[in-house]
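This report refers to the structure that appears directly beneath it.
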Amino acid sequence: MLHILRQVSALCLVDVNPRRMSALVFQMPGTARHDREMAIQAKKNLSKTTDPVERLRLQCLARGSAGIKGLGRVFRIMDDDNSRTLDFKEFVKGLNDYAMMIDKEEAQEIFRIFDKDGSGTIDFDEFLVTLRPPMSKARKEIIMQAFRKLDKTGDGVITIEDLRGVYNAKHHPKYQNGDWTEDQVFRAFLDNFDSPYDKDGKVTTEEFMNYYAGVSASIDTDVYFIIMMKNAWKL
């Protein structure tokens with residue numbers, strides 16, 4: 001959530017429903033602090049953990065809420081044939097590209113855990129789902145409510161066109177002063193959910209869930225998380 005709070009000016013959208021014209025500005029109390037605390041705690045726990053999968057998870061969380069989502073982006077870029085699988089060489093390259101501090105022996109152990117059938121490849125969707133910090137059913141449901149609100153076309157991908165049907169960008173300060181077009185406002189909004197490695201202006205269910213899995217890890221209670229999501233997305 002720290003990424004969102006840093007770019008709060010890029011996220012001032014207004015609900016097009018005339019009865020709910022409140023600005024969608026991500027100013028959730030304490031979330032930036034939660035994100036920092038999570039990152040600090042993850043770094044501390046790294047020195048105590050020997051389990052290779054947990055060590056990789058903690059390294060991602062040490063980067064904040066978007067850490068796991070960013071690793072998923074790196075793997076997706078490498079998946080040239082859209083097979084959704086990686087061999088060991090690709091897996092190691094992805095970890096290195098994302099600057100994960102994992103030695104070859106640890107990488108081999110992690111790979112063996114996920115290569116259940118011994119085929120020499122792993123399903124990286126399954127890998128990322130396992131790497132996500134655990135979330136309760138209630139948290140997953142509220143995340144999907146937010147996604148469905150944004151995914152106007154219902155095709156499983158949030159695009160600029162989807163946002164155009166849900167929010168009015170003309171109240172954004174950068175639109176009002178002439179710096180940005182409407183499309184640029186919406187693109188800046190979507191970019192907050194993208195990794196710096198590959199901003200394509202589209203957000204999939206997987207990316208949205210991976211992002212909020214990181215946010216979820218920084219918030220202790222389901223009640224606070226659900227209230228935060230409802231307030232943020234006007235659910």
Decide, yes or no, whether a salt bridge links [X] with [Y] under the criterion of side-chain N to carboxylate O below 4.0 Å.
X	Y	answer
Glu206	Arg84	yes
Glu54	Lys48	no
Lys202	Glu207	no

Would you confirm whether [X], through its side chain, and [Y], through its main-chain N or O, come within 3.5 Å as a donor-acceptor pair?
X	Y	value
Lys170	Glu182	no
Asp87	Gly120	no
Glu141	Ala138	no
Arg57	Thr130	yes
Thr49	Leu46	no
Gln184	Thr181	yes
Arg139	Thr221	yes

Indicate, with yes or no, if [Y] and [X] share a hydrophobic cluster defined by side-chain heavy-atom contacts under 4.5 Å among Ile, Leu, Val, Met, Phe, Trp and Tyr.
X	Y	value
Ile77	Val157	no
Tyr98	Val129	no
Val215	Tyr224	yes
Met135	Ile226	yes
Ile219	Ile227	no

Heavy-atom side-chain proximity of [X] to [Y] below 4.5 angstrom:
X	Y	result
Ile160	Arg164	yes
Leu163	Ile158	yes
Phe127	Ile110	yes
Glu90	Thr121	no
Phe186	Leu190	no
Gln59	Ile102	yes
Met100	Cys60	yes
Tyr212	Lys140	no

Students often mix this up, so state it plainly: with edges at 30° and 60°, are the rings of [X] and [Y] parallel, tilted or perpendicular?
X	Y	result
Trp233	Phe189	perpendicular
Phe91	Phe111	tilted
Phe124	Phe75	tilted

Closest non-hydrogen atom pair, [X] against [Y]:
X	Y	answer
Val74	Gly94	CG1-O, 3.6 Å
Asp151	Asp162	OD1-OD2, 3.6 Å
Leu128	Gly72	CD1-CA, 3.4 Å
Glu126	Asp123	N-OD1, 3.0 Å
Val53	Phe114	CG2-CE1, 4.0 Å
Ala62	Ala39	O-CB, 3.5 Å

### Summary
Joining Ile, Leu, Val, Met, Phe, Trp and Tyr whenever any side-chain heavy atoms lie under 4.5 Å apart, the cluster holding Met101 also takes in none
### Task
Run through the side-chain heavy atoms of Ile, Leu, Val, Met, Phe, Trp and Tyr, join any pair under 4.5 Å, and report what else lands in Ile40's cluster.
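Taking Ile, Leu, Val, Met, Phe, Trp and Tyr as members, Ile40 stands alone, with no cluster partners.
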### Task
Take Glu161 and Thr153 through the side chain to side chain contact (heavy atoms under 4.5 Å, CB included) test and state the conclusion after the steps.
CA-CA 9 Å; Glu161 287 306 311; Thr153 57; 6.0 Å; no
### Task
Before giving the answer on side chain to side chain contact (heavy atoms under 4.5 Å, CB included), spell out for Leu61 and Gln41 the whole-Å C-alpha distance, their side-chain angles and the decisive distance to 0.1 Å.
CA-CA 9 Å; Leu61 293 178; Gln41 191 60 47; over 6 Å; no
### Task
Could you go through the side chain to side chain contact (heavy atoms under 4.5 Å, CB included) check for Met229 and Gln145 one step at a time?
CA-CA 9 Å; Met229 291 293 290; Gln145 279 184 42; over 6 Å; no
### Task
Decide yes or no on side chain to side chain contact (heavy atoms under 4.5 Å, CB included) for Leu56 and Leu58, but give the supporting numbers first.
CA-CA 5 Å; Leu56 184 56; Leu58 289 170; over 6 Å; no
In Å and rounded to the nearest 0.5 Å, what is the [atom1] to [atom2] distance from [X] to [Y]?
X	Y	atom1	atom2	answer
Met209	Phe147	CE	CZ	9.0 Å
Leu71	Leu95	CG	CG	6.0 Å
Lys234	Tyr167	NZ	OH	8.5 Å
Asp222	Ser216	CG	OG	7.5 Å

### Query
Which pairs count as side chain to side chain donor-acceptor pair (under 3.5 Å) when at least one residue sits in residues 101-112, sequence neighbours excluded?
Arg55-Glu106
